[in-house]
Amino acid sequence: MHAKDSAWSGRFSEPVADFVLRYTASVGFDRRLAFADIEGSTAHAAMLAHVGVLSAEDLVAIETGLAQIRGEIERGEFAWALALEDVHLNIEKRLTELAGDAGKRLHTGRSRNDQVATDVRLWLRGEIDRIAGALSAVQRALVEQAARHAATIMPGFTHLQVAQPVTFGHHLLAYVEMFERDRERLLDARKRVNRLPLGAAALAGTTFPIDRAFVAARLGFEAICDNSLDAVSDRDFALEFCAACATLMMHVSRLSEELVLWMSPRFAFVRLPDRFTTGSSIMPQKKNPDVAELARGKTGRVYGDLTALLTLMKGQPLAYNKDNQEDKEPLFDTVDTVLDTLRAYAEMLPGLEVNAAAMRRAAEEGFATATDLADYLVRKGMPFRDAHEAVARAVRLAAQRGCDLAQLPLAELQQMAPGTGPDVLDALRLESSVAARDHPGGTSPVQVAAQVERWRARLAQR
Ligand code: ARG
């Protein structure tokens, strides 16, 4: 490849140095945008013909050529050339081989600056839809486990100290809520992804009588970008997407951390199927929750991708700068990491086995129903602050004796908390404790079952 072959050779007297070629080329990674590029070019050509800038014959030659190129790429036959810098110039060069002058006319009224912004948006729109689907799959898996464990009792924690009993189903449904917000954020960002930069050309617009609404409609964009300078230089849409994915991965990471804890023999709350765990090369007894740990670790990459994009943008004067070529790898990495991670979870969660006895034992330790005793005393007429203090004394006594609240003799309880009757034993049972939290948002099995039904109906519509 010589300087005279490049798309701008007219202005240059010597070819670009080999290393500079390699340094500036993006075709090694941006070929991933090839189908979006072909889709965008096809729409652009159709618009040029529609407004009379391109002849009908040229349009046919371009459409036929682009369709052939698509086939070559799909079959792995396309010869990508580093010397042609990026996906756009590679495809355009091949089109010119196939379609002659018609191929050379495709770039009329367009620049790679609005072209690449269009391609990334088209591509990202599809990926957002895939991620939204993958999120729903994880939600389904969580909802079905929640259905199975609507009444399974575990200790709920605050400060990682046993706090109050909760149902495992309720705990899992908390993650369904988080993933629903992630989905909402992604679909909201999609609206701003789904706008058409094409027509901005290099930065100022074009002298040709283009019809941007035509292109937008053809490509399914909801609107055009209204300012040409903004159109070629804006990457907010990618940033927003990465920020939503960073939050999503933070949620995955919290769930991962819990799985790692619960898998630990100290907890022994859950088991994961062997195909999602690994052994140790030296310690024969080990079963490690690698998938959960990696998901937690990969959260860091996605944060890194977001930080890379923010940093990439902060120093750029308007309008397009070559810096923007660096937007792709972080974006691709985020999409790949999120999709793989969600897939792993959608496949792993249905195989999660719960050790209900271990959960129950843990809930029985740590005076998890102390609040229930205080509430009981309040119902008998004691002000809550006094009840809190009375129960604290009872807890201290039970702790000294190494017994549970329910094992304290009734007479002693009555001394500390006048008004206590034999029915206190019922208030101290784990089942009564969770069942009593029977209002929307509460942990009772009845509420969990209702949440499950609501989610099932919602997810069935996707
Ligand atoms: N490969 C470039 C990118 O990813 C395409 C746009 C190049 N535009 C330019 N004026 N050099 O951003």
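In this chain, residues are counted from 1 in sequence order. Order of listing sets the numbers, starting from 1, for every ligand and every atom in it.
The shortest N or O to N or O distance between Tyr320 and ligand 1 is below 3.5 Å. Of the polar atoms of His88, none of the N or O atoms is found under 3.5 Å from an N or O of ligand 1, judged by distance alone. Looking at Asn113 next to ligand 1, an N or O pair under 3.5 Å apart turns up.
Each of Glu63, His107, Arg110 was checked for a side-chain hydrogen bond (donor to acceptor under 3.5 Å, both in side chains) with Ser41, and the lone residue meeting it is Arg110.
In this structure, Lys328 has a heavy atom closer than 4.0 Å to ligand 1.
Taking the six-membered ring where tryptophan is involved, the planes of Tyr175 and His171 are tilted, since the angle between them lies from 30° to 60°. The aromatic rings of His50 and Phe214 sit parallel, their planes meeting at an angle under 30°, below the 60° perpendicular limit.
For atom 5 (C) of ligand 1, the nearest non-hydrogen atom of the protein is Asp86 OD2, 3.4 Å.
For the residue pair Ser444 and Asp438, the shortest heavy atom distance occurs at OG-OD1, 3.1 Å.
If you number the atoms of ligand 1 from 1 as listed, the ones under 4.0 Å from a heavy atom of Ser26 come out as 1 (N).
Judged purely by distance below 3.5 Å, without hydrogens or angles, the side chains of Gln325 and Asp30 never pair a donor atom with an acceptor atom. Remark: the Thr277 side chain and the Asn288 side chain contain no N/O donor-acceptor pair separated by less than 3.5 Å.
Which of Arg112, Gln325, Gln115 comes nearest to atom 11 (N) of ligand 1 through a heavy atom is settled by distance: it is Arg112.
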